[in-house]
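Structure record follows, encoded as structure tokens.
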Amino acid sequence: MEKAVRFTNEKGHTLHGILHLPDDPATMRSVGMLWLSAGQKVRQGAWRMNVTIARRLAAMGIPTLRFDYRGIGDSEGEAHHGEMVMDLYGFIQSGGFSGDAVAAGQFLTAETGVKSLVLGGLCGGAITGLFAATALPNVFGHVVVDLPVTISSSARQRYLENNAAELLRSRPGETDTVIALYLKKLTDAEAWRRLLSGKSDYSLLMEAARIKSRAQVDRVLPKLPAQARAAVERLLRGVLPPVEPESPPTPVDPALAAQMQVAGEVKNDLVEEVFQQVLSRGQRVRFVNSSSYHPTFMGYFGNTALHGNEARWRSRGVELSVVPETNHIFSLEHSQRALFEAVESMVKQAA
Amino acid sequence: MGDRGEFFPCGSRRLYGFLHEPRATEAPLAVAPAAVVFVHPFMEERQDAHPFLRSIAGQVSARGLWAMRFDLHGCGDSEGEWEDATVASWLDDIRAACDFVRAQAGVERVILCGLRFGATLAALADIGGPKPPLAMIQPVVKGTNYSMDMLRAYLAAEMVLTKKAGVSRDALIERLRLGETVNVFGYHLTAAQFDGIRAIDLSHSLASYPARSLVIDVVKTPTARASNELTALVAAMGPGSTLARAVEPQPLYAEGKVHLTRAEQVELALLGWLEALDQP
């Protein structure tokens, strides 16, 4: 059975949602699911994913609430009209909607009488759940699907585009980023106009090429005999002078890091912090990654936070699964099934 | 009772609707008392169009009319599964929504407004009595084109994921004929839906439309060319039909770089048309 419900957040906004209850009240379990929408999208999610998940859980006796955050969907509040979408993502990735999720968790608990909650969601919903869980006393665990581990900012993207030369001078290790920026501009008509009218910053591209070439030379030089190496160094001094040392090694694949940076994305340090807080409260975490997103997750979070030590993390209630050949919205049949299984297995543990 | 979301019956199913009560914040439209029922676009377009439809409904209610947004069978929060719905069941839903709003609002007069395929369904719905005034925002005129767009979406998604061209459109149609479904961004398109959509051609169905109507052509820049298809549709609908042009910086049914929740020119066009609806 589905009920249209409304409740208020800490700011007094009325939030609208749907509460899914078992058809037979006698079958209701003591665990509730708060399934959080991704962020700027409405509470049904892509392909009504959220509706389907909630209905399946209600059929298992798990009351499930999904709702619209403030200003989104049917809910009251600031609508963020005219903001860059990337900045709205950044707001969500910083826990901007966590107050609404806390209000929703309290409402679900009070309305149904459940003893504990599982929080879950895709992307912005996943991170909102982690933030909210630090303020809710009865969270058993999380289903965290394609957790955003970087943070978006249109200002950062604009800064990078307008200050690429400065970036290159101060951090030659970011050459891949500059080259990726130029590759991105290949599809931009305005960039072509600037190129053809001579207004492009060729020196920047030349500098990027110089650094890449020098890096290639530096790979070969140590293999040469000392005398030959010195001769080559003398020859190249004016053409390809040595570059500053690269940035410290990072667990992120350099090509991926360059792409992400061009998109205005950098590591979100809040993720690791909130993840540790959740674990310190004894909450379980089930990560589910799409194959298309998994490299980003590992590069910006998994490689450092999980250290690849699966057994150790399992003992602390953390699991990670990767769904092959899957896009970010899990729209294909096999990925839909994998998603349902992951959600239902966490709920079964809680119940 | 104020603005509210609630379920209402449609045969054995329940549909979710959101009612906006009239508010006297601005000068009421001459057409009041009346209710405007909004029909949403389909699949992922519904998600992206939601803020615009919410805003337009809010503007209509601020001018003294009832406004209702609702979800069709198998869409949004409404009951039922997408793959069980058909064009016929969606048309039944529109009638049920109109009956519900009439009962809730205590008004007889209902005006239909839809976006994209929602506009197409609104145009075809029988809501009892004479044909209602109809506002269509970027309607899908030819179902054949729209159904092919859906198959194209499947093929594009497959190519992005597998990095290679998959099956042909003809092969997908063959799958539908064999009783399989085609996954369009997670929605399982059925043969019944595909055939129902393909059979639609508004330029024939709406010829000499007997009530007032408005078609809004949404373009990105003031110098953009008018849609030939919509111009021809308005001509076919007859003298009671008006073509309006709204310049909006981003599409109303796809995510852009800026988070927009209002389509001001579309709102102006709709409110202006409503204001003049009963003028000779």
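So that the names make sense, note that chain A is the first sequence line, chain B the second, and so on, each numbered from 1. Just the heavy atoms: all of them, side chains too, but no hydrogens, waters or symmetry mates, feed the values below.
Side chain of B:H259 to backbone of A:H81: no donor-acceptor contact under 3.5 angstrom is found. B:Q47 places a side-chain N or O within 3.5 Å of a backbone atom of A:G45 that can act as its donor or acceptor partner. Panel note: side chain B:R14, backbone A:E2; a donor-acceptor pair is recorded below 3.5 Å.
Ion pairing of B:D77 with A:R66 is present here, as a side-chain N (NZ or NE/NH1/NH2) and a carboxylate O approach within less than 4.0 Å. Salt-bridge check for A:R48 with B:E44: failed, with every basic side-chain N at 4.0 Å or more from each acidic carboxylate O. Between A:K41 and B:E255 there is a salt bridge, since a side-chain N of the basic residue sits under 4.0 Å from a carboxylate O of the acidic one.
Side-chain contact annotation: A:D74 with B:H50, donor-acceptor N/O pair under 3.5 Å present.
Minimum interatomic distance between A:Q336 and B:N183 (heavy atoms only, all atoms of both residues): NE2-ND2, 4.5 Å. Scanning all heavy atoms of the two residues, the minimum distance from B:F185 to A:W47 falls at O-CB, 3.3 Å. Taking all atoms of both residues into account, the shortest heavy-atom contact from B:E6 to A:A4 is CA-CB, 4.1 Å.
Proximity of B:R46 to A:Q44: side-chain heavy atoms (C-beta onward) are separated by under 4.5 Å at one or more points. In this structure, A:M86 and B:K257 have side chains that are not in contact, with every pair of non-hydrogen atoms separated by 4.5 Å or more. Two residues are said to be in side-chain contact when any heavy atoms from C-beta on lie closer than 4.5 Å; A:I18 and B:F7 meet this criterion.
For the set A:H16, A:R43, A:Q40, A:H80, the count of heavy-atom pairs under 4.5 angstrom toward chain B peaks at A:R43. Between chain B and the options A:S291, A:G73, A:G71, A:A54, the largest number of non-hydrogen pairs under 4.5 Å is found for A:G73.
Separating the CG atom in B:L260 from the CD atom in A:E83 is a distance of 11.0 Å, to the nearest 0.5 Å.
Shown here is A:E325, whose CD atom has no more than 12 heavy atoms of other residues, nucleotides or ligands within 6.0 Å.
With a 4.5 angstrom heavy-atom cutoff, A:S335 does not touch chain B via any of its atoms.
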